[in-house]
Amino acid sequence: MHGIGQAKVFLRDEADGKDFVLKNGRIINPQDKTDNICDVAVSNGKIAAIGKTCENFSQARSIDLRGCLIFPGMMDLHTNLREPGREDKETIISGSFAAAAGGFTAVACMPNTDPITDAEQKVRYIVQRSENVSCRVYPVGAATKKLAGEEIAPFHEMICAGAKAFSDGTQSIARSDILKNVMNYAKSFDAPLFCNCQDINLSKGVMNESKYSTIFGLRGIPAIAEDIDVTRHLIIAEYTKCKIHITRVSSKGAIEKIREYKKKGVCVTAATSPHYLYYSDKDLANYDTNLKVSPPIRGEEDREELIKALSDGTIDTIVSDHAPHTSEEKNIEFDNASFGIAGLETLVGAVFTEIIHKNKLSIMDFAEKMCVNPYKIIGIPAPNIAVGEKADISVISPNEKWLVESGDFFSKCNNSAFLGKEFIGRPVMTIVDGKIVFERNF
């Protein structure tokens with residue numbers, strides 16, 4: 001058990017496996033569009049009863065969730081766990097703590113480790129290290145060896161070892177002939193290809209190219225760096241009929257292209273992250289390196305288009321883009337600071353504050369994007385709040401106000417884009433396999 005204040009997080013083999021009843025919570029279940037206030041009884045890792053619980057549970061622990069939302073377990077499709085190689089930033093255990101504290105019962109971890117996750121034994125290492133951590137961990141294998149974009153990695157062996165998707169992480173496969181071959185290979189295994197779309201030759205700056213980059217004296221990255229590469233990926237996906245997932249979409253132009261190709265029937269899904277929904281490039285005026293991310297935070301018009309794309313279904317899910325960095329890598333000049341934020345523990349707060357409470361997305365649509373679509377994208381069954389189903393559950397207190405403070409992170413790093421912000425909406429309990437792996441104030 002690890003604790004911060006009144007919040008506690010557990011490894012699964014340390015968590016209490018006794019029966020319990022969640023009382024008076026509001027169930028939001030996108031599988032059957034349930035939106036009801038009732039009790040949920042959990043026994044032997046499964047949901048044993050919903051509604052009025054029977055006498056068999058009279059001795060079970062009773063947890064009053066009045067005012068809270070009960071969701072099927074949420075998944076984050078874009079997490080960097082850093083292990084192996086950079087355990088000073090994060091480990092699989094500490095990353096799972098952060099995920100559980102953020103309300104996630106599952107994460108997909110990216111392959112940009114050291115060594116790169118580009119072979120069977122490297123996937124097996126992650127699977128074995130993840131067996132009893134606080135959340136489920138699904139490895140994403142490297143699409144090319146060493147993420148070099150030159151030679152296809154052994155997909156079949158990695159799938160057999162447990163890989164659920166493939167990606168070159170933060171890299172875009174620059175050579176279109178290699179990208180086409182990778183997509184053909186992924187299609188043959190019916191595996192999704194996660195694509196980070198940035199034209200390498202146009203992406204050598206540190207923030208969005210706009211009047212603000214000129215005012216701030218920072219090198220700009222134009223939105224067309226993303227738009228061009230998204231278009232290239234979509235054209236090749238249409239040609240190969242490969243399933244692609246475009247991660248961390250940030251620009252209006254990229255959204256328009258994704259929307260166009262979805263209408264054409266191309267098998268494409270897309271994600272964005274909370275910092276792109278919350279901030280615009282003018283917010284970099286203080287040179288806060290925690291707002292230095294890749295792709296960069298774009299302009300206000302891009303932010304508004306991303307919010308619209310969430311509502312109309314162009315964006316399928318929201319990802320944390322969890323990229324923990326040490327203070328030595330962040331507390332330096334903006335030009336030299338590393339790209340990335342620690343995002344697992346703030347996604348819910350940022351999205352509820354900026355999107356849900358401003359009526360830009362319904363709670364049911366949020367549940368669809370966080371509790372169903374991520375699982376569909378990597379081809380595994382989504383949790384379901386129904387009798388007999390495994391008890392993977394995320395509980396959120398939608399109206400709880402809280403301040404994002406550096407000392408409250410379960411992650412090893414606190415390079416959050418939201419330090420000092422007050423949020424409304426917070427995860428308060430996470431349940432995996434019927435075990436409470438995270439709870440706050442109970």
Side-chain angles (χ1 to χ4, degrees), residues 2 4-10 12 15 22 25-30 40 42 63 65 67-79 94-109 133-138 271 273-274 277 317-322 342-357 361 363-375 382-385 390-402 404 408-411 416 418 423-442:
H2 187 63
I4 297 177
Q6 295 184 13
K8 301 185 289 284
V9 65
F10 302 85
R12 265 181 281 170
L22 306 177
R26 178 182 169 192
I27 296 175
I28 306 292
N29 187 11
V40 178
V42 175
I63 304 166
L65 295 181
C68 292
L69 305 174
I70 299 175
F71 294 97
M74 299 192 302
M75 179 192 279
D76 178 40
L77 271 189
H78 199 285
T79 296
S94 67
S96 77
F97 284 169
F104 295 102
T105 62
V107 299
C109 63
V133 299
S134 302
C135 68
R136 303 183 191 278
V137 176
Y138 298 105
S273 298
L277 302 169
T317 186
I318 306 168
V319 297
S320 75
D321 193 15
H322 182 68
L344 281 166
E345 297 171 70
T346 53
L347 183 148
V348 166
V351 172
F352 266 70
T353 301
E354 184 63 28
I355 305 299
I356 304 297
H357 285 299
L361 189 72
I363 290 175
M364 188 64 73
D365 285 343
F366 172 82
E368 185 83 25
K369 292 182 187 299
M370 303 307 301
C371 310
V372 175
N373 290 351
Y375 297 91
N384 188 17
I385 300 180
K390 66 184 179 184
D392 281 12
I393 295 170
S394 303
V395 182
I396 294 172
S397 176
N399 298 311
E400 180 174 338
K401 293 183 179 180
W402 60 289
V404 182
D408 290 343
F409 285 83
F410 284 92
S411 170
S416 169
F418 301 105
F423 285 156
I424 306 174
R426 192 176 204 184
V428 291
M429 182 172 285
T430 306
I431 299 163
V432 179
D433 270 341
K435 295 181 177 181
I436 299 172
V437 295
F438 170 75
E439 59 180 314
R440 188 188 306 276
N441 300 327
F442 288 102

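Quick caveat: nothing in here was measured; it's all calculated off a predicted structure.
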Legend entry - Reference residue L344; test side-chain contact (heavy atoms from CB on, under 4.5 Å); the match among F410, F104, F409: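 Checked F410, F104, F409 against L344; only one passes side-chain contact (heavy atoms from CB on, under 4.5 Å): F104.
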
Side chains of [X] and [Y]: closer than 4.5 Å at any heavy-atom pair?
X	Y	answer
N384	P72	no
F438	C135	no
M364	P30	yes
V351	M370	no
E345	V404	no
V107	H322	no
V348	R426	no
I63	V395	no

Inset, instruction - Given side chain to side chain contact (heavy atoms under 4.5 Å, CB included), test L347 with I318 step by step and report yes or no. - result: CA-CA 8 Å; L347 183 148; I318 306 168; 4.0 Å; yes

Mind listing the closest non-hydrogen atom pair of [X] and [Y] along with its distance?
X	Y	result
N441	Q6	OD1-OE1, 2.6 Å
K369	P374	O-CD, 3.1 Å
G25	I70	CA-CD1, 3.8 Å
N29	I385	ND2-O, 3.3 Å
A350	F418	CB-CZ, 3.9 Å
M74	C371	CG-SG, 3.7 Å

Inset, instruction - Start with the C-alpha distance between M429 and C68, add both sets of side-chain angles, then the distance that settles side chain to side chain contact (heavy atoms under 4.5 Å, CB included), and finish with yes or no. - result: CA-CA 10 Å; M429 182 172 285; C68 292; over 6 Å; no

Starting at [atom1] of [X], measure out to [atom2] of [Y] and round the result to the nearest 0.5 Å.
X	Y	atom1	atom2	answer
E439	T430	CD	OG1	10.0 Å
S273	D76	OG	CG	8.0 Å
I27	L22	CD1	CG	8.5 Å
N399	H357	CG	NE2	5.0 Å
R440	E400	CZ	CD	7.0 Å

Inset, instruction - Starting from the C-alpha separation in whole Å, work towards a yes-or-no answer on side chain to side chain contact (heavy atoms under 4.5 Å, CB included) for L69 and F366. - result: CA-CA 12 Å; L69 305 174; F366 172 82; over 6 Å; no

Please answer whether the main-chain N or O of [Y] pairs with a side-chain N or O of [X] as donor and acceptor at a distance below 3.5 Å.
X	Y	answer
W402	I424	no
R12	S134	no
T353	F423	no
D321	T79	no

Inset, instruction - Report the C-alpha separation of I393 and T105 in whole Å, then their side-chain angles, then the decisive distance to 0.1 Å, and conclude whether the side chain to side chain contact (heavy atoms under 4.5 Å, CB included) test is met. - result: CA-CA 7 Å; I393 295 170; T105 62; 6.0 Å; no

